[in-house]
Amino acid sequence: MNVAVNPGLPASLWAATALPAAPTPPLAESAEADVAIVGAGYTGLVTALHLAEAGVRVCVLDAGEPGWGASGRNGGQVIPGLKYDPEQLLARFGEVRGEAMIEAAGGAADEVFALIERLGIQCDASRKGWIQPAVSSVALRGLEQRARQWSARGVAVELLDKPAVARRIGSTDYLGAWVDPRAGSLQPLSYVRGLAAAALRAGAAIHGHSRVTALARQGQRWTLTTAQGATVRAECVLLASNGYTDDLWPGLRQTLIAANSFIIATQPLPAHLRQSVLPGGEVCSDARRLLLYFKQDAQGRLLLGGRGPFPEPRQASDWAHLQRSLTGLFPQLAGVPIEYRWSGRVALTQDFLPHVHEPAPGLSMLLGYNGRGVALATSLGRHMARRLAGQAEDFPFPVTPVRRIPLHGLQRLYLGAGIAWYRLLDALL
Ligand SMILES: Cc1cc2nc3c(=O)[nH]c(=O)nc-3n(C[C@H](O)[C@H](O)[C@H](O)COP(=O)(O)OP(=O)(O)OC[C@H]3O[C@@H](n4cnc5c(N)ncnc54)[C@H](O)[C@@H]3O)c2cc1C
C-alpha cells in the first residue's frame, strides 16, 4: 500500500447503514501513552477499551477511520470456534494450552454479545445461531464430529438432514448441516463504531487518518511516527493491522496471505422471499474449501460472500461469480437487483490459527483470524489487554516468532493455484 493515509470508507451496505462515527481526528501533536496501538479494528479497539477501563493510558492510530479495514466490511457473522475442533486442539497442544484455546475461541461469541449489551451498542445484534451445511458426504461426516464434540461440552447443537436443511436455508444444494446456537449476526461497522465510542468514553485516544510510518525503540520506550510527522511515545506497542499489515515491522506482512473476500447484497427482499431464505434469522457459511457465506441484514437484504480474485475489484462484473453463486443456490432470487458490492482483505495464516508475536521488549502483535475475527478478535483483544496491563501472565494462544511464509512474494500465484485446486476438490469430494 503506497498511500500515506487511507481514503474514506469504501462504499458498502455497512457504510450506508451504520451508526454515526464518534470524531477521531488525525494525530496533530505529539503525544505520550502507556500503550500505543496500530489499527482501529476490533483487535485494536477491544484491547484499547479494556486497557482504558483498567486505567491505562492508551492511544490508537489508524491509517483510515476506525473500521476502515476488515472490521467495517465483513459479513457480520459472529461465529465461535476455530477451523480446528476441540479434540484436534487437545491432541496438538496438550491439555492445558488446548483447553485455554478452546475456552477463548468457544466462548468468543458469548463475549461479543455480552460486550454489546454491557456497552449498549446499537448494531442490529441478534443471536439465532449458525448453520454450517455440507455439499459432500465427507464434509458432512466432519460436521457430525464437530457437533458431537461441542455437544459433549454442553452446547445445544442440532443436526439437520437434507429436507431440514433445505427448509432452514432455502436451498436444495446441501446434504445436511449442524447448527451452533452460540452464533449470531450484527452490523459490523456499527459494532466498530460502538466500540470506538466506548473506548473514547473510557479515556482512550483514537486518531484516524494517521498512518504509522516508523516504529523505533529509544531507551525504554517506543516512538511511533505518523505520515504527518507527529509522534506517540509509549512503553508498549500493539500491532493490530491484520489483513492490512504493511511493512512497519520487517517480515510481519509476509507471515500472512491477505486474500480478498467479496460480498454482494440484494435490495431488501419482498416478504415472500425473506421467508424463503434463512427464515429463522440464522447466519450461514458452508463447509466448502472455497466457502460461501450468507445471511439477511436487518432490512431483509440477502448478503452473500465468497473468495474473490487477488486484484482489487474495479467494476460490477468483478462480482459476477458471486451473482452466479447466489442464483445457483437460491433460484428463487433470480432477477432480484444487487444493491451493494464491496470487498476486503482476510488475513490467512499458514496454520489457520491466529498469531501472537512479541519480537522485541514491549512490542506485541495479534493478527491472522482466517475469516473468523468478529468473535475471535473480541475475545483475544480482551486477553491482550490483560497481558499488556500486567493482569495476566499467559495468553490462550502460543506466542510464536515472526515467521515469513516461504516464497511469500508469490502469494498471488499461491492464491490462484490454491483457488483452482480447492475448486476441483470441492467439485470432486
Ligand atoms: C469481506 C470480509 C468478510 C468477512 N466476514 C467475516 C464474518 O462474517 N465473520 C467473522 O468472524 N469474520 C469475518 N471476516 C474477518 C474479520 O472481519 C476480521 O478477522 C477482523 O475484522 C479483523 O479485525 P482487526 O481489527 O484485526 O483488523 P482490521 O479490521 O482489518 O483492522 C486493521 C486496521 O489496521 C490499519 N493499519 C494497517 N497498517 C497501519 C499503519 N501502518 N498505521 C496505521 N494503521 C494501520 C488499517 O487501516 C485497518 O483499519 C471477514 C473479512 C472480510 C474482509
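Counting starts at 1 for both ligands and their atoms, in listed order.
With distances taken over non-hydrogen atoms, the option nearest atom 41 (N) of ligand 1 out of T378, D246, L367, L248 is D246.
Residue G75 has at least one N or O atom closer than 3.5 Å to an N or O atom of ligand 1. Looking at ligand 1, you won't find any N or O of R345 less than 3.5 Å from one of its N or O atoms. Any N or O atom pair closer than 3.5 Å counts here, and S261 shares no such pair with ligand 1. When only interatomic distances are considered, the shortest N/O to N/O separation between L366 and ligand 1 does not fall below 3.5 Å. Considering backbone and side-chain atoms together, T245 places no N or O closer than 3.5 Å to any N or O of ligand 1. Taking any N or O of S343, backbone or side chain, none lies under 3.5 Å from an N or O belonging to ligand 1.
Numbered from 1 in the order shown, with element, the atoms of ligand 1 that lie under 4.0 Å from a heavy atom of G344 read 53 (C). Close approach of ligand 1 to L61 is summarised as follows: ligand atoms under 4.0 Å from at least one heavy atom of the residue are 43 (C), 44 (N).
The ring-ring contact (aromatic ring centres under 6.0 Å, His included) contacts involving residues 277-305 comprise F294-F330, where partners must be two or more places apart or lie in separate chains.
A heavy-atom separation below 4.0 Å is not found between G305 and ligand 1.
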Scan the side chains in residues 22-39 for donor-acceptor partners under 3.5 Å anywhere in the protein, sequence neighbours excluded, and list what turns up.
unit_1: S30; atom_1: OG; unit_2: T231; atom_2: N; d: 3.0
unit_1: S30; atom_1: OG; unit_2: T231; atom_2: OG1; d: 2.9
unit_1: E32; atom_1: OE1; unit_2: R221; atom_2: NH1; d: 2.5
unit_1: E32; atom_1: OE2; unit_2: R233; atom_2: NE; d: 3.4
unit_1: D34; atom_1: OD1; unit_2: R57; atom_2: NH2; d: 3.2
unit_1: D34; atom_1: OD2; unit_2: R57; atom_2: N; d: 2.8

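Taking 4.0 Å as the cut-off between side-chain N and carboxylate O, E99 and R153 count as a salt-bridged pair. A salt bridge does not link D351 with K83: every distance from a Lys NZ or Arg NE/NH1/NH2 to an Asp or Glu carboxylate oxygen is 4.0 Å or more.
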- Message: Working note: W130 + W178, criterion ring-ring contact (aromatic ring centres under 6.0 Å, His included); need CA distance, chi angles, decisive distance, verdict.
- Response: CA-CA 8 Å; W130 168 45; W178 82 294; 5.8 Å; yes
